Amino acid sequence: MSVQNLSQEGLYNLTVDLQEQIQGLETWKTYTNDNMDQSFLLTMGIIIYLMQGGFALLEAGSVRSKNTTNILIKNLLDSFVSGIFYWLIGYAFAYGSGNSFIGYDNFAHDGLKNTDYATWFFQYCFAATAATIVSGAVAERCEFVAYLVYSSMITGFIYPVVSHWAWSSDGWLGKGFEHTSGTTITYRDFAGSGAVHTLSGVAAFVGAAVMGPRIGRFDKETKRPEDIKGHSVPLAALGGFILIFGFLAFNGASQGSISGENDGAIVSIAIKNTVMAGSGGAFTTMFMNRLKLFGDAKWSFGITLNGCLSGMVSICSSCNEVETYSALATGIIGGVAYMIVTWLMLNKLHVDDPLDACAVHFGGGVWGVIALAFFSNEVGIFYHWNADSGLQLAWQLVGLLTIIVWTAVLSFIMFYILKKFDLLRVPFILEMKGLDIPKHGEPAYPTEAYGHGWGERGDALHTMVKQSVQSSSTTLVSADLSTPRIQRSKLALDSHKDIPRHKAEQPKFYLDVNKEHIDNAEKNGVVLRQDLPGQRSNENTKF
Amino acid sequence: MAEQISSEVLQNLDVMFLIVTGMFVFFMQCGFAFLEAGAVRSKNATNILIKNVMDSFVSGVSYWLFGYAFAYGDGSSANKFIGFKHFASHEMESETFASWFFQYTFAATAATIVSGAVAERCEFIAYFTYSIFITGFIYPVVTHWAWGGGWLSQGMDYSALNGTVVNYQDFAGSGVVHVLGGVAALVGAILLGPRLGRFHKESGTIGQLRGHSVPIAALGGFILFFGFLAFNGGSQLSITNKGDGAAVALSVVNTIISASFAAFGSLIINRLNFLGSSWSLLATINGALTGMVAACAGCNAMAPWGACILGIISSIVYTSVSYLLKKLRIDDPLDAVAVHLGGGTWGVIAIAFLDKEEGIFVAGDLKSGYKLAWQLIGWSSIVGWSAVLSLIIFGLLKLCKVLRVPAEIEEKGLDIPKHKEPAYPVEAYGHGHIEKLIQILENHPREIEFSYTNMTFNKDEPTNAYFETPEVKRHRDKMMENGTDVTTVKLQVTDEMDNKQTEMNSRM
């Protein structure tokens, strides 16, 4: 039937019919798009949620075994503290309607639309990430109550306000200003180099600085940093891998939708750039550390991992709008930024950050916010040499500075008050003996849970050695006791009255196998073994 | 025409949603494995890991062969009680494979809950038998009742309500998965009896058999939380109907809010000196899991404030059930019963109160009363069914004496005799001086002189079994023959290479 043959009435009916069909298709399209966007946000959000586990294991592997449970429970609660506070107030401050400084609507999901729950969940995962970064920098010495206070403050107020500025439709940074030429300059921060990572990097730095270094981290007189090694590289590595996995979703899904035109392409660009920047950062730090000039001339795993993470942090802000080679360059410089911040903190500022959280997130984050102004395809100085791109750089710097100042001031007030009330740092004796047993009653590796009854190669000697080590808290690798390093440690040991020492008459344990081992021992200076699990109360030994 | 094209696209989208969330749920197997591995002693770590690895594959076989047919086979012989089609995915349409996979991951979850409660003492054969039965029969029949068009999902229409149908409501399986798994776990734990050294009969004290690694348990916890969000969200089963996205989002949000409040609740209960007095990590993990389990039943039908109440009460349920089990002298190494049976029960009941439209707290009418009744009927029939069947299985296994490992093996650990793979072989550790000694001992036994003075051996009380390397055993036996009576061990090792002597003084 062709249109020409239709009567006027028939034509009218056909039009009505078509209109109905189009309308039906439109509704179908709307809700299908909604469904797609929400399921995208939810799946990606769930993957980002796993980053909590990544942070937890990275930090657990990087602290000593005596504080493992403590750092794990902090990371576990991070996601639940944010669950409560981001629900009650955080989301309202960040994305509720309000003024250009802060939102105030939708407290505790009041009046939140059905279709916004997915967004809430996604943003919640970001807030939890922002809070969890701090726990690395204050690890091994932070009071539990202090931890509860700062993480609820960060997820409930400090972070939401910044995300309101940068990402909500009302925020002053995101709205930007209109240049005389008619173009609007806005603060660009796709996945939060500034809003998430710089913020938590600053909070981490303030926390670590106010709290002071761990006992034994810096030499009292020379201020030379002494290595305090974490207790398990595989745990830290597992955490690192989970973080890298999560980071891809973190950056990719910041597009926020998948049903719009080009959404898929942008998500792919973001993920591709994240991989490139991570690779760049990892390689840079690995080789820099291998050179004697910058590092300790070793192929270090921990530093490579941190370099990879800081590369990924630095590409957060611009991962949707740069070329692949620019992403690589951003990552490489992100790695350099990490090395510089670490060096500054250790050798100049003498701030102890067990996880290098500040170097990774502050170093990488700051560079990421600035890098966008140079590398961006749309507004970058390298591609568009004009007033607009200059102003973009200026506005990025304005955003960066306000975020740094806002966070630094608020977290300084918070940590300082906690310090004044003596709630910030655990007592000396707990720090020496470890937090797991007195605070949590759950040693990470209870001695009595180990071993089995089937004689095995090496069991006998191992146990004898373990027992004899337990009976005295010091293990001296004997031979020439006059080497300066051993002398120093011995002095330190003798002068510390708080180190748990068993009675002097108990036998010290001497090992003296051959020249090679003595040399090794001297080189490593492994003299003081304070981490070996002591004899626990004999509540279980009766049965 | 547009609808035809779109229906294919929509089907693909639904399938993709099921597969992706199903894969997340599958990862929960890993979460359970690590949670349990960290919570047992190192001598049984391999044993619990292999059970969790096999769980997913045992259910792969038995859910493929029978399970799915009993649960969702709606053939001619299907009725309100059981389905009867698609055995071994026979005559299944290709687009339903996604739903098979998703349901399979749920079945595997139901089976894996049990392994925690029977950990450290269950025979491997017994484990195989019960997990085949749970995934092949017990669980599928209940899913048929509640989700596959069975009598619980059909419900009943009431004349008092003008013919409105009231049925059993269980969105993601608080009852179907968790109560069922929890009941089977409880029956298994009771019939197996407590681990050696857990309860001391005469003095009535409770031995705390700590797990060997908190970080490994915490890793498992994190993976479980990750998987649970998909477990509850994915239960919507489709993403293309109007409002699906919002429903999935609401489920995920309610899950996380309930977990948050439950975690805090159990943290604080533990700190307040009712049961402990520390900021306990493992209690917090279990509390959060209980909150998530309780959210399963109604996470799509509750407002977030409901999830908040749900979570707070979940923490109380968890701690009290856990306390009760200890009082009853039932040994559940993982608190699986408290988390899954406790949380599941509370979730099934709570939805009758907290439903945002029909709940007793909101509507408060006759219908909400019937709703509560149906929730209770559903709960008690699930409990009855799984209790009776698992009693039969575990009872038969016990009668055949294949339920529990012999006492000697339990005491010395299952890893080496059963699997020959110690989780942490001593010789694989270290990089220093102690290991060098061990190496010398192993490689040059003749160059080593043992000199024993003052060592006590009592024939009735065997010496610490650690000291059982061949060399030590030989010397010990020799001294036993001679009847030497001594108190300390002095071990001297001579290394010819350097002509130096190593002296180790050890007090036994």
Side-chain angles (χ1 to χ4, degrees), chain A residues 25 31-32 34-35 38-39 42-43 46 49-50 52-53 56-57 60 68-69 72-73 76 80 83-84 87 109 114-115 117-118 120-121 144 235 439-442 444-446 449-450 452-465 467-468 471 507 511-515 517 540 543, chain B residues 2 17 20 41-43 197 200 207-208 210-215 218-219 222 226 229-230 233 239-240 242 244-246 248-250 252-253 256-257 260 263 278-281 284 304 411-413 416 426-427 433-434 436-438 441 465-469 472 495 497-498 500 502 505-507:
Chain A
L25 274 177
Y31 75 70
T32 307
D34 274 356
N35 284 339
Q38 287 162 15
S39 66
L42 290 169
T43 23
I46 293 175
Y49 185 85
L50 193 59
Q52 295 293 323
L57 294 176
T68 308
T69 307
L72 283 171
I73 194 171
L76 176 78
F80 299 130
I84 294 174
W87 174 58
H109 284 171
N114 259 354
T115 43
Y117 283 122
W120 180 87
F121 178 71
F144 199 65
L235 271 189
K439 289 269 171 197
H440 309 286
E442 286 161 346
Y445 306 99
Y450 278 84
H452 51 77
W454 309 96
E456 202 198 337
R457 292 156 63 95
D459 263 8
L461 262 177
H462 202 269
T463 313
M464 281 182 171
V465 168
Q467 284 195 347
S468 99
S471 67
L511 262 184
D512 194 352
V513 179
N514 61 28
K515 191 82 179 74
H517 290 110
N540 311 324
F543 309 110
Chain B
F17 177 71
V20 172
R41 286 161 292 174
S42 72
K43 59 185 178 184
H200 194 245
Q208 202 183 3
R210 288 178 196 278
H212 80 281
S213 172
V214 171
L219 169 65
F222 276 110
F226 164 80
L229 296 173
I239 194 65
T240 49
K242 193 171 184 179
D244 272 353
V248 177
L250 184 63
V252 172
V253 169
I256 199 74
I257 289 177
S260 301
S278 49
W279 306 102
S280 163
L281 171 70
T284 312
E411 200 169 339
K412 292 185 175 179
I416 293 173
V426 185
E427 76 266 23
H433 326 290
I434 298 170
K436 178 67 184 172
L437 265 181
I438 294 166
L441 251 184
Y466 292 122
F467 292 80
E468 283 283 321
T469 58
V472 177
D495 190 345
M497 284 153 60
D498 228 332
K500 288 196 173 188
T502 301
N505 286 319
S506 162
R507 282 162 58 124

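In this text the structure is predicted, and so the values were computed from the model without any measurement. In the text below, chain A, chain B and the rest are named by the order of the sequence lines, each starting its count at 1.
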>> As an exercise, state the distance from CG of Asp244(B) to CD of Gln38(A), rounded to the nearest 0.5 Å.
In response: 9.5 Å
> Roughly how far, to the nearest 0.5 Å, is CZ of Phe80(A) from OG1 of Thr284(B)?
Replying inline: 9.0 Å
Side chain to side chain, [X] and [Y], heavy atoms closer than 4.5 Å:
X: Phe222(B); Y: Leu76(A); result: yes
X: Phe17(B); Y: Asn35(A); result: no
X: Trp120(A); Y: Ile256(B); result: yes

> Parallel, tilted or perpendicular: which describes the rings of Tyr450(A) and His212(B), with under 30° parallel and over 60° perpendicular?
Replying inline: perpendicular
>> Ala230(B): which residues meet the side chain to side chain contact (heavy atoms under 4.5 Å, CB included) condition with it, sequence neighbours left out?
In response: Ile46(A), Thr21(B), Phe24(B), Val25(B)
> Does any heavy atom of chain A fall under 4.5 Å from the side chain of Val20(B), the backbone, both, or neither of them?
Replying inline: side chain
>> Less than 4.5 Å to any heavy atom of chain A: does that hold for the side chain of Ile257(B), its backbone, both, or neither?
In response: side chain
Closest non-hydrogen atom pair between [X] and [Y], with its separation:
X: Leu42(A); Y: Gly245(B); value: CD1-O, 4.3 Å
X: Ser278(B); Y: Lys439(A); value: CB-O, 3.3 Å
X: Glu442(A); Y: Arg210(B); value: CA-NH1, 4.0 Å

Out of [options], which one racks up the most heavy-atom pairs below 4.5 Å with chain B?
options: Ala60(A), Gly53(A), Ala56(A); value: Gly53(A)
options: Thr69(A), Leu50(A), Leu57(A); value: Leu50(A)
options: Ala444(A), Gly83(A), Ser39(A); value: Ala444(A)

>> Counting heavy-atom pairs under 4.5 Å with chain A, which one of Ser280(B), Gly413(B), Gly233(B) comes out on top?
In response: Ser280(B)
Which bit of [X] comes within less than 4.5 Å of chain B, counting heavy atoms only: side chain, backbone, both or neither?
X: Leu235(A); answer: side chain
X: Tyr117(A); answer: both
X: Asp34(A); answer: neither

> Val214(B) pairs by side-chain contact (heavy atoms from CB on, under 4.5 Å) with which of Leu72(A), Thr68(A), Ile73(A)?
Replying inline: Leu72(A)
